[in-house]
Enquirer: 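Before we start, here is the structure in question, set down as structure tokens.
When reading the values below, keep in mind they use all heavy atoms of this one structure, side chains included, and skip hydrogens, waters and symmetry mates. Model, not experiment: these values are computed from the prediction.
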Amino acid sequence: MRKISLLFVLITVALLSSCVDDKESATVEQIRTAKTEWLKAQAEMLKAQGEAQKLLAEIEKLKVENEAKNEAARLEIERLIAEANAAKTEAEAEKLLAEAEKIRNEAKAAEIANEYQQKIYELEYETRKAEEAYKQQDFLNKLNAAIIAGKLNPELEQMYADYVKALRKLRNNQNEIANNEDRVNRYKNLISDNFEVHLASFQEIIKENQEKVTTAKEAIAELEASKTLTDAAIEKKINELNTKLEELTKELDSKTAEMINTADEAKKLLKAICDAEQAVETAKQEASTKEKAYEKAKEDYNSNPTKKLVSPFEITVITSKGTERTFPFPGYPEFEQNITTKITAEKEKQATTIEMKTTAKEEAEKELAETKANLGKLEKAATAAKAALTPLEEIINEQKTKLEKATKDKATYESKVSELNNKKTAAQTDYDAKKGVVVKYTNELKDPDLTPEKKAELEALLGVAKTNEAKALAELTKASDAVTANDAALATAKKDIADATKALEENETAYEKAKENVTITQKAYNDAVAAVSEINQGELVVKVQKAIDELEIATLLADEFNTIVDNAAKTTETLLAEMNQAKADWDEAVANIEAAEQKKEEAEAALENSAYTTLIREANELSSQIERINHLLEILTSSDIEGINEQIETYKKEIKTAEEAIAKAEQSIKEFNALASDEEKNEELEACIRIQNEEYQAEINVLNNEISKLKEIQPELQARVDRLQAAIDAAEAALAE
């Protein structure tokens with residue numbers, strides 16, 4: 001800082017000593033005018049740079065959001081597929097798979113829309129980046145022009161020259177950061193499990209590195225030639241380069257302006273690509289649907305449903321809660337003669353059942369709702385009864401606890417008595433019935449006149465009947481044991497009540513009545529809570545669910561029965577016609593895919609060959625040429641042979657690295673093409689792709705580290721520019737005085 005302050009003093013003295021020079025004053029005025037233009041250009045440059053950075057942030061945000069949505073969709077699809085694989089019925093599995101397919105299609109459509117928006121952002125970013133480069137170069141050109149035409153004292157002129165160099169270093173650093181970030185994004189896009197994407201990425205790598213080799217060789221040739229030039233030749237070369245620089249800058253300005261003007265047209269082309277991609281996806285989805293329809297029609301034709309209806313068959317239905325029931329039907333052979341009397345009767349029976357089950361469901365739900373609504377009153381009654389015991393609790397606390405427990409136990413077991421006895425009775429009845437069936441078939445088998453076929457049939461039925469008898473006996477035994485266990489527990493509870501009651505007989509009549517009231521109200525409340533408990537599957541909850549299941553079963557049965565009848569109503573000729581039509585629809589859908597893909601390719605080609613894309617390539621090439629000329633000018637003006645030799649070595653290293661990358665990419669293409677023709681090497685191919693993805697990620701890591709380093713020195717470069725700007729401002733202020 002002290003050196004800079006001293007420089008300010010020296011510059012001020014030098015400037016003040018020449019303030020009387022009219023020519024110098026005129027030059028200063030010109031400088032001020034030019035400086036105003038510089039600052040304006042700098043402000044525009046920073047604005048364009050800021051807009052570009054905002055767009056980069058939007059692109060990254062969009063990518064993150066898209067990846068999150070895709071991951072959520074992937075997890076949901078995996079869940080649905082897993083549930084479909086575990087589904088108990090084909091219908092349920094198909095429903096889950098259809099839902100998974102719907103989510104997959106929606107995710108794909110969203111991905112295409114996101115890619116379109118991302119490309120729009122990237123297009124905007126390219127435009128802003130071009131504007132930024134233009135503003136940067138415009139700033140530097142005006143600054144150079146002022147230095148050349150200024151005819152100022154040497155100190156100030158040197159400050160301006162240093163300022164130009166500092167700005168160029170700052171810009172080069174910014175460009176290198178931006179270029180590395182572009183490369184990071186490019187590598188991210190190359191990471192894929194798709195074979196074709198990898199081949200395309202290798203071609204891109206080869207092309208990019210070939211351009212690097214060509215550029216580096218041209219730069220080496222220029223640097224080698226500059227080493228042999230005389231001072232006069234160097235000055236001539238510098239003038240030529242400055243002229244060339246001016247021409248290229250004007251051309252770049254023109255290309256940039258054209259490119260900005262064609263950006264809207266490029267957006268339209270991007271929209272056309274997006275629409276074409278959506279059309280391709282829609283066509284593929286349509287083809288998939290048509291293919292499934294064809295497969296279904298073919299299956300229907302090959303297994304004529306009429307056969308199922310005329311022969312005995314069963315229908316198994318499963319409710320949404322997992323309740324399963326199977327219903328046997330004797331078959332309707334008269335259906336082949338178009339007689340549907342029995343079928344109509346069965347449909348009417350099913351309709352009546354549905355009405356009955358609907359009524360039962362509504363009544364069960366009403367009972368549950370009323371019980372829930374009454375819980376508050378029951379709770380208040382129980383609370384009031386407990387409050388009445390408060391004055392007596394200190395005396396009879398122990399006895400009350402025992403009595404309450406015994407009373408609850410007794411109520412619990414008593415509530416089970418009827419249910420368990422009913423189950424036992426039902427089990428006994430079922431067992432007696434099944435035993436009777438065994439006796440019946442056993443007696444029938446004793447008939448000596450039985451035919452072998454009839455005897456075999458009766459023996460089969462006897463086997464089934466014996467199995468059923470054994471199951472019924474097991475259920476009867478289980479029910480009897482449950483009654484016995486409950487009776488014992490009830491007896492124990494009654495004994496506990498008797499003991500507690502005896503201990504409490506010494507208490508006052510009021511306490512006995514209060515205690516009895518507590519027991520009654522609490523039991524009423526507990527029973528109501530238990531009956532409506534969702535978690536513990538209360539009696540009324542079970543009753544409602546059973547009614548819902550029964551109604552759902554009846555509805556599912558009617559639907560399935562109607563489906564079988566409707567399918568059977570189709571003749572073989574109709575099924576054949578439907579199958580052929582479904583095949584034609586599928587073929588047409590496949591043709592639509594090809595047409596949609598053709599339009600997509602045409603839309604992509606239109607963008608690739610558009611004025612905007614062409615201008616971007618040309619502008620990038622012009623920017624590269626300008627950078628090379630500026631770099632060469634720096635070397636020529638410094639007359640630093642050692643610096644030239646170092647730069648040549650740097651370019652040689654770049655050539656070597658690029659050639660190695662080309663060779664590696666060409667070898668990868670050769671290996672991948674060989675693998676692609678051999679299906680047995682799929683696993684090896686996947687491993688190669690995985691390794692390549694890891695290499696891409698490694699490149700990303702290296703670039704990110706380089707970006708971090710470049711960003712670390714960015715403040716230092718900016719600070720140097722700011723210091724020089726401050727020094728120039730101070731010097732100009734002194735000059736104005």
Enquirer: For a quick test of reading the model, state the closest non-hydrogen atom pair linking K290 to A589 and the distance between them.
Expert: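 Answer, listing the atom of K290 first, then A589: CG-CB, 3.9 Å.
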
Enquirer: Looking at I593 and A287, what are the two nearest heavy atoms and their distance?
Expert: CD1-CB, 3.5 Å

Enquirer: Taking side chain to side chain donor-acceptor pair (under 3.5 Å) as the definition, give me every residue that meets it alongside K434, ordered by chain and number, with sequence neighbours left out.
Expert: D430

Enquirer: Side chain to side chain contact (heavy atoms under 4.5 Å, CB included) for R325 and T316? Distances and angles first, verdict last.
Expert: CA-CA 6 Å; R325 289 276 296 279; T316 298; over 6 Å; no

Enquirer: Scan residues 442-467 for pairs that pass side chain to side chain donor-acceptor pair (under 3.5 Å), counting only residues two or more places apart or in two chains.
Expert: K440-E444

Enquirer: If you round to the nearest 0.5 Å, how far is CD of E314 from OG1 of T326?
Expert: 6.0 Å

Enquirer: Show the numbers, then the answer: is there a side chain to side chain contact (heavy atoms under 4.5 Å, CB included) between E414 and K494?
Expert: CA-CA 10 Å; E414 282 181 341; K494 287 179 179 180; 4.1 Å; yes

Enquirer: I'd like to check L375 versus Y525 (side-chain heavy atoms, cut-off strictly below 4.5 Å). Are they in contact?
Expert: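 Yes, close enough: below the 4.5 Å cut-off.
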
Enquirer: Report the distance from atom OG of S320 to atom CG of D549, rounding to the nearest 0.5 Å.
Expert: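 Between S320 OG and D549 CG, I get 7.0 Å after rounding to 0.5 Å.
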
Enquirer: So which atom in V544 and which in A364 form the shortest heavy-atom distance, rounded to 0.1 Å?
Expert: CG2-O, 3.3 Å

Enquirer: Go through the steps for N592 and E588 under the test side chain to side chain donor-acceptor pair (under 3.5 Å), then give the verdict.
Expert: CA-CA 6 Å; N592 289 339; E588 182 181 357; 4.6 Å; no

Enquirer: Over all heavy atoms of both residues, which pair between L458 and L445 is shortest? Give the atoms and the distance, please.
Expert: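 That closest heavy-atom pairing would be CB-CD2, 3.6 Å.
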
Enquirer: Report yes if the side chains of E291 and Y294 come closer than 4.5 Å at any heavy-atom pair, otherwise no.
Expert: no

Enquirer: Just wondering, do D496 and K405 contact through their side chains at under 4.5 Å, heavy atoms?
Expert: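 Side chain of K405 against side chain of D496, heavy atoms only: no contact under 4.5 Å found.
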
Enquirer: Can you measure from NZ (K410) to OG1 (T519) and round to the nearest 0.5 angstrom?
Expert: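 Going from the NZ atom of K410 to the OG1 atom of T519 covers 10.0 Å.
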
Enquirer: Report yes if some heavy atom in the side chain of F313 is under 4.5 Å from a heavy atom in the side chain of Y332; otherwise report no.
Expert: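 In contact.
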
Enquirer: Say you draw a straight line from CZ of R104 to CD1 of I77; how long is it, rounded to the nearest 0.5 Å?
Expert: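 R104 atom CZ to I77 atom CD1 measures 4.5 Å (nearest 0.5 Å).
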
Enquirer: So, for K386 and V518, which heavy atoms are closest and what is the spacing to 0.1 Å?
Expert: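 Here K386 and V518 meet closest at N-CG2, 3.6 Å.
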
Enquirer: For R79 and E76: C-alpha separation, side-chain torsions, deciding distance, then whether salt bridge (charged side-chain N to carboxylate O under 4.0 Å, His left out) applies.
Expert: CA-CA 5 Å; R79 182 187 69 79; E76 181 64 11; 2.5 Å; yes

Enquirer: Considering all heavy atoms of both residues, which atom of A283 and which atom of A596 are nearest to each other, and what is their separation?
Expert: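 Taking A283 first and A596 second, the nearest heavy atoms are CB-CB, 4.4 Å.
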
Enquirer: My understanding is that only one of I354, I318, V317 makes a side-chain contact (heavy atoms from CB on, under 4.5 Å) with I553; could you say which?
Expert: V317

Enquirer: Show every salt bridge (charged side-chain N to carboxylate O under 4.0 Å, His left out) that has at least one partner inside residues 337-357, sequence neighbours left out.
Expert: K357-E550

Enquirer: Is it the case that the side chain of T319 and the backbone of T323 share a donor-acceptor pair, with hydrogens and angles ignored and the cut-off at 3.5 Å?
Expert: yes

Enquirer: With rounding to the nearest 0.5 Å, note down the distance linking OG1 in T383 to NZ in K380.
Expert: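 These two atoms lie 9.5 Å from each other.
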
Enquirer: Kindly indicate whether the side chain of L557, heavy atoms from C-beta on, has any atom under 4.5 Å from the side chain of Q350.
Expert: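 Side chain of L557 against side chain of Q350, heavy atoms only: contact under 4.5 Å found.
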
Enquirer: Starting from the C-alpha separation in whole Å, work towards a yes-or-no answer on side chain to side chain contact (heavy atoms under 4.5 Å, CB included) for T521 and L378.
Expert: CA-CA 7 Å; T521 55; L378 292 173; over 6 Å; no

Enquirer: I would like to know whether K408 and Q522 meet side chain to side chain donor-acceptor pair (under 3.5 Å); could you show each step before the answer?
Expert: CA-CA 9 Å; K408 290 179 183 178; Q522 187 63 48; over 6 Å; no

Enquirer: With the side chain counted from C-beta on, respond yes when Y431 and E469 share a heavy-atom pair under 4.5 Å apart, and no when they do not.
Expert: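 Contact flag for Y431/E469 side chains = yes.
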
Enquirer: Would you check if V417 and L490 make a side-chain contact, meaning some heavy-atom pair closer than 4.5 Å?
Expert: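 Answer yes - side chains close enough.
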
Enquirer: Once ring pair (Phe, Tyr, Trp, His ring centres under 6.0 Å) is applied, what residue pairs with a partner in residues 535-568 remain, sequence neighbours excluded?
Expert: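 Sorted result for residues 535-568: F329-F561.
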
Enquirer: Would you say the side-chain atoms of S533 pair up with the backbone N or O of V529, donor to acceptor, closer than 3.5 Å?
Expert: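 Side chain of S533 to backbone of V529, a donor-acceptor pair under 3.5 Å: no, none is there.
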
Enquirer: Any pair with a residue in residues 475-489 that passes side chain to side chain donor-acceptor pair (under 3.5 Å), sequence neighbours left out, goes on the list, sorted by first then second residue, please.
Expert: none

Enquirer: Roughly how far, to the nearest 0.5 Å, is the CG atom of L420 from the OG1 atom of T425?
Expert: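 Answer rounded to 0.5 Å: 10.5 Å.
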
Enquirer: Strictly by side chain to side chain donor-acceptor pair (under 3.5 Å), give each pair with a member in residues 362-375 just once, sequence neighbours left out.
Expert: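 Sorted result for residues 362-375: K361-E365, E367-K543.
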
